[in-house]
Asks: 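Below is a structure I'd like to ask you about.
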Amino acid sequence: MKAYQQGWTLRRRVVALLGVVLVLLLGLAAAEAAVAAKNRQNIDAVLLKTGPLRVQAQELMSVLLDQETAVRGYAVNGDRNDLRPYQEGVRREQDLIGSIRNLSAGYPDVRRQLDAVERQTAQWRGQVAEPVIATTERSGPAAGQALITDQTRQQFDGIRASITTLQDEVLTVRQETAARVNTTSNTLVVLLIIAALVVAVAGTVMLLSLDRILIRPLAGLVSQVREVAEGDYQHHIEGSGPPEFRRLADDIDLMRQKIAQELDEVRQARERIEWVNSQLQKQAEELTRSNRDLEQFAYVASHDLQEPLRKVASFCQLLQRRYAGQLDERADQYIAFAVDGAQRMQRLINDLLAFSRIGRLTTGFTEVDLNKVMGDVAGQTEAARQYADAELTWDEMPTIRGEEPLLTNLLANLVSNSVKFRRPDVTPKVHVSARLVDGEWEISCRDNGIGIEPEFADKIFVIFQRLHSKDAYPGTGIGLAIVKKIVEYHGGRVWVDTGAEEGTTIRFTLPALEADVEAARAAEQAERAEAAEQAEAADPVEGPTGDGTSTGESADAAPPEVAPQPDGPVREESPARADGHGTNGGMKETVG
């Protein structure tokens with residue numbers, strides 16, 4: 001942070017520069033406003049005061065001349081009509097003097113001269129005009145003309161001189177005002193030029209400052225960032241200019257360091273992954289070799305090992321048949337043990353070979369009709385079912401993609417287990433059903449046998465794991481392990497439904513065809529629409545009747561059947577399959 005405390009920030013510099021420019025412009029604006037106001041006053045004085053003063057001063061001269069001419073004409077003719085210009089001139093004189101006095105409020109010299117003119121005209125009127133008019137009226141024109149002398153003419157000439165002086169004063173005032181207008185106009189132009197220069201200088205300074213404190217540091221930072229972006233992650237980024245840019249450069253450099261560190265970690269991880277991949281490759285090669293050895297072992301087990309085992313079993317059976325009852329009881333027991341051991345060894349080898357072949361020897365997935373598979377299963381398990389007087393039923397089964405021999409083996413193992421683990425004195429019943437759940441077919445094999453305790457639900461799918469002795473229930477303990485491997489090979493899962501109230505229910509899933517999923521969705525949407533229509537039709541449209549009952553009817557929808565799942569929440573059963581549960585679905589195989 002110490003580098004960021006030195007120097008002004010970019011914002012502070014810009015604000016300071018703009019503040020100085022703003023103060024200068026505001027000062028110039030205030031001065032221009034004052035000068036403009038003064039110029040307006042001077043222009044108004046020229047146009048509205050000095051101009052009218054000059055015109056009215058000239059008109060005052062004309063009015064006084066009209067008065068003097070009217071008086072002299074009346075003294076010559078004695079006609080009262082000749083006095084009309086005099087009388088009108090007096091009234092007009094008073095108006096002009098009042099107007100001139102108002103307009104000359106700011107000009108004392110003009111007002112002083114106007115007072116002198118007013119006094120002289122009053123004296124002339126009192127000493128010359130009025131006496132001449134009165135004498136002419138009383139004694140006639142000759143008497144009136146006798147009063148008009150050179151002295152009276154000189155007196156009127158004095159009035160003329162005073163009015164001329166008044167006009168000169170008005171002209172002087174007008175010229176001074178016009179000069180002030182010119183001065184203020186020039187001052188206003190100068191101020192505008194100064195303002196323009198201030199703006200130009202400020203703009204130039206702003207451009208130069210932005211180039212030095214913004215553009216150059218930013219261009220340098222961009223150049224350094226581009227070098228890093230091109231792959232030089234070890235290039236140190238150093239900022240210049242205002243503190244903000246230096247702070248930004250430090251932040252970008254920290255980001256660069258983190259990226260470089262992560263890249264190093266990724267590089268190290270890649271090296272480790274490559275090493276692990278090499279080890280995995282070696283293990284894969286070793287596993288391939290081991291599989292070849294296992295295949296060789298399977299071949300040996302199926303041919304070389306079974307041949308001497310068949311010989312041992314055959315000769316033991318021959319001994320048993322030929323010498324049964326000829327030796328003592330213990331010898332017969334030993335021979336029986338040998339025969340049984342050889343036979344069980346053959347079954348174990350055959351089952352182990354069948355387990356190892358699942359997924360290794362494949363014919364490819366095809367569309368398999370499980371109804372046909374159930375028919376084959378019924379044929380394969382017919383002997384065991386006849387012996388146990390068992391009944392096998394199944395619902396309408398779907399068509400899926402898989403290997404038909406493996407699926408037949410899968411269902412045959414489940415049916416055989418259900419028949420084998422039956423309860424004494426109870427007719428065995430095995431039922432196979434299917435329903436569509438979340439894009440998968442969930443197939444259930446339910447029986448009324450001895451059942452499985454919940455704590456052993458997972459143990460039964462482990463190879464060679466037995467819950468009973470071989471004397472109680474024969475077998476090698478590999479059947480359900482084969483079931484699990486076949487289900488997982490087809491992309492499903494298998495579990496024991498521990499919530500079954502009677503017997504054992506084993507469920508497994510198989511991926512459904514896209515057409516079945518679409519059909520189920522369409523059926524579900526149709527049922528929802530039908531339920532909505534029924535609900536709308538069941539809404540009461542009339543009010544309650546007099547006995548408190550409503551004319552509308554309501555239908556309670558039955559809750560969907562649910563089934564427990566081992567790896568997830570309870571899921572609803574598809575309506576398309578729910579109707580078949582608890583029935584034979586049109587397919588029944590009974591042996592008895």
Side-chain angles (χ1 to χ4, degrees), residues 1-29 195-288 438-440 488 491-493 509 511 514 517 565-569 571:
M1 291 297 294
K2 58 180 181 298
Y4 307 145
Q5 304 299 330
Q6 300 175 359
W8 283 15
T9 64
L10 178 61
R11 176 180 296 179
R12 188 176 180 185
R13 296 180 185 183
V14 174
V15 169
L17 179 59
L18 293 178
V20 171
V21 174
L22 182 61
V23 170
L24 291 176
L25 291 178
L26 289 176
L28 289 172
L197 290 176
V198 169
V199 173
V201 172
T204 304
V205 173
M206 178 70 74
L207 289 177
L208 294 177
S209 299
L210 290 178
D211 180 70
R212 187 175 64 86
I213 66 177
L214 179 63
I215 297 177
R216 292 181 184 176
L218 184 59
L221 182 59
V222 170
S223 177
Q224 296 182 73
V225 171
R226 187 175 292 112
E227 290 183 12
V228 175
E230 290 175 353
D232 186 9
Y233 295 103
Q234 302 302 324
H235 178 75
H236 177 68
I237 297 177
E238 185 175 358
S240 61
E244 294 94 337
F245 281 15
R246 297 198 296 273
R247 185 184 300 112
L248 177 61
D250 289 345
D251 293 339
I252 295 176
D253 192 66
L254 287 176
M255 182 173 61
R256 177 197 61 80
Q257 294 176 8
K258 291 181 180 179
I259 293 175
Q261 182 179 359
E262 291 179 358
L263 287 176
D264 290 339
E265 294 176 355
V266 169
R267 189 178 297 106
Q268 295 175 3
R270 184 186 298 115
E271 293 176 355
R272 290 195 297 271
I273 291 174
E274 291 176 354
W275 180 82
V276 171
N277 287 337
S278 64
Q279 297 298 318
L280 290 176
Q281 183 67 25
K282 293 178 181 178
Q283 292 180 3
E285 294 175 356
E286 182 67 22
L287 183 60
T288 302
D438 293 341
E440 293 181 325
E488 292 176 349
R493 62 189 187 281
T509 61
E514 187 66 26
V517 176
Q565 303 291 324
D567 301 324
R571 295 184 285 187

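When reading the values below, keep in mind they use all heavy atoms of this one structure, side chains included, and skip hydrogens, waters and symmetry mates.
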Asks: Please answer whether the main-chain N or O of Ile273 pairs with a side-chain N or O of Asn277 as donor and acceptor at a distance below 3.5 Å.
Replies: yes
Asks: Judged by atom type as modelled, is there a donor-acceptor pair below 3.5 Å linking the side chain of Thr204 to the main-chain atoms of Ala200?
Replies: yes
Asks: Given 3.5 Å as the limit, does a donor-acceptor pair link the side chain of Ser278 with the main chain of Trp275, or not?
Replies: yes
Asks: What heavy-atom pair brings Ala260 and Gln234 nearest, and what distance separates the two atoms?
Replies: CB-NE2, 4.2 Å
Asks: Who pairs with Arg267 by salt bridge (Lys or Arg N to Asp or Glu O under 4.0 Å), at least two apart in sequence or on another chain?
Replies: Asp264
Asks: Salt bridge or not between Glu227 and Arg256? Use side-chain N to carboxylate O under 4.0 Å.
Replies: no
Asks: Would you sort out whether Glu230 and His235 count as a side chain to side chain contact (heavy atoms under 4.5 Å, CB included), showing the intermediate values?
Replies: CA-CA 11 Å; Glu230 290 175 353; His235 178 75; over 6 Å; no
Asks: Look up atom CZ in Arg226 and atom CG in Leu221, then write down how far apart they are to the nearest 0.5 Å.
Replies: 10.5 Å
Asks: Measuring from atom CZ of Arg272 to atom CD of Glu265, what distance do you get when rounded to the nearest 0.5 angstrom?
Replies: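 It comes to 8.5 Å.
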Asks: Would you check if Asp253 and Gln257 make a side-chain contact, meaning some heavy-atom pair closer than 4.5 Å?
Replies: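 Yes, close enough: below the 4.5 Å cut-off.
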Asks: Closest heavy-atom contact between Val21 and Ala202?
Replies: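 Val21 and Ala202 have their closest heavy atoms at CG2-CB, 3.2 Å.
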Asks: Find the distance between CG (Leu263) and CD (Gln268) and round it off to the nearest 0.5 Å.
Replies: 11.0 Å
Asks: Could you measure the distance from the CG atom of Leu218 to the CG atom of Leu248? Nearest 0.5 Å is fine.
Replies: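 Answer for the CG-CG pair, Leu218 versus Leu248, is 8.5 Å.
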